[in-house]
Amino acid sequence: QVQLVESGGGLVQPGGSLRLSCTASGNIFRINAAGWYRQAPGRQRELVATIFLGGMTKYADSVKGRFAISRDSAYNTVYLQMNSLKPEDTAVYYCNTGPGVSNVNWGQGTQVTVSS
């Protein structure tokens, strides 16, 4: 079955940077758009970034200009470069297929904590 493995999270000070990675088994990102989602404590999961098959990207307003989604040439690994991190970015970050497509099983996510 399809597996998604996220990594790269950690504790970072406000203004710092992190680079998250998502590795997918199977062909899902060769067929579908890929997205990064996050879920903060007490809040629902939200979509923060999408990369489409043609390479076009979209971002939530809250992260626009600070985050960048990218993908390797084999379409097996998706990245999220996060700069100028703020405390409100604190969440568990997940990858999956993009919006409008049935999600596959969620991975374990990777915790990002932004704090002084």
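Fair warning: this is a prediction, and the values are worked out from it, not measured in the lab.
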query: Do Leu47 and Tyr94 share a hydrophobic cluster (ILVMFWY, side-chain heavy atoms under 4.5 Å, transitive)?
result: yes

message: According to disulfide (SG to SG under 2.5 Å), does anything in residues 34-73 pair up with another residue at least two apart or in another chain? List the pairs.
response: none

message: Which heavy atom of Cys95 sits nearest to which heavy atom of Leu4, and what is that distance?
response: O-CD1, 3.3 Å

statement: Residues Leu53 and Ile31: closest non-hydrogen pair is CD1-O, 3.2 Å

- request: Ignoring hydrogens and angles, tell me if any N or O in the side chain of Asn32 forms a donor-acceptor pair with the backbone of Gly98 under 3.5 Å.
  value: no

task: Please name the pair of heavy atoms, one in Met82 and one in Val112, separated by the smallest distance, quoted to 0.1 Å.
output: CE-CG2, 3.8 Å

- line: Taking every heavy atom of Val78 against every heavy atom of Ala34, the minimum-distance pair comes out as CG2-CB, 3.8 Å

query: In terms of hydrophobic clusters joined by side-chain contacts under 4.5 Å, are Leu80 and Val114 together?
result: yes

- request: Please test Thr97 against Ser102 for side-chain contact (heavy atoms from CB on, under 4.5 Å), starting from the C-alpha separation and ending with a verdict.
  value: CA-CA 7 Å; Thr97 51; Ser102 297; over 6 Å; no

query: Residues two or more places apart in sequence or in another chain: which of them pass side-chain contact (heavy atoms from CB on, under 4.5 Å) with Arg30?
result: Asn27, Tyr75, Asn76

Joint cluster assignment, Ile69 & Leu20, ILVMFWY side-chain distance < 4.5 Å: yes

Phe67 vs Gln81, side-chain contact (heavy atoms from CB on, under 4.5 Å): CA-CA, chis, key distance, verdict: CA-CA 6 Å; Phe67 290 11; Gln81 178 66 47; over 6 Å; no

field: Donor-acceptor contact present, side-chain Asn105 to main-chain Gln3, <3.5 Å
entry: no

- prompt: Sub-3.5 Å donor-acceptor pair from the side chain of Asp72 to the main-chain atoms of Thr77, do we have one?
  reply: yes

message: Going by side-chain hydrogen bond (donor to acceptor under 3.5 Å, both in side chains), name the residues that satisfy it together with Thr57, two or more places apart in sequence or in a different chain.
response: none

- prompt: With sequence neighbours left out, what residues match Tyr93 under side-chain hydrogen bond (donor to acceptor under 3.5 Å, both in side chains)?
  reply: Arg38

message: Between Arg45 (side chain only) and Gln39 (backbone N and O only), is there a donor and an acceptor less than 3.5 Å apart?
response: no

- prompt: Shortest non-hydrogen contact from Ala33 to Thr50?
  reply: CB-CG2, 4.2 Å

Nearest heavy-atom neighbours spanning Asn83 and Ser17: OD1-OG, 2.9 Å

task: Among residues two or more places apart or on two chains, list those pairs meeting ring pair (Phe, Tyr, Trp, His ring centres under 6.0 Å) that have a residue in residues 17-65.
output: Tyr37-Trp106

task: With sequence neighbours left out, write down each residue that passes side-chain hydrogen bond (donor to acceptor under 3.5 Å, both in side chains) with Thr113, or none if nothing qualifies.
output: Gln111

- prompt: So with a 6.0 Å cut-off around CG of Asp61, is the heavy-atom count from everything else above 12?
  reply: no

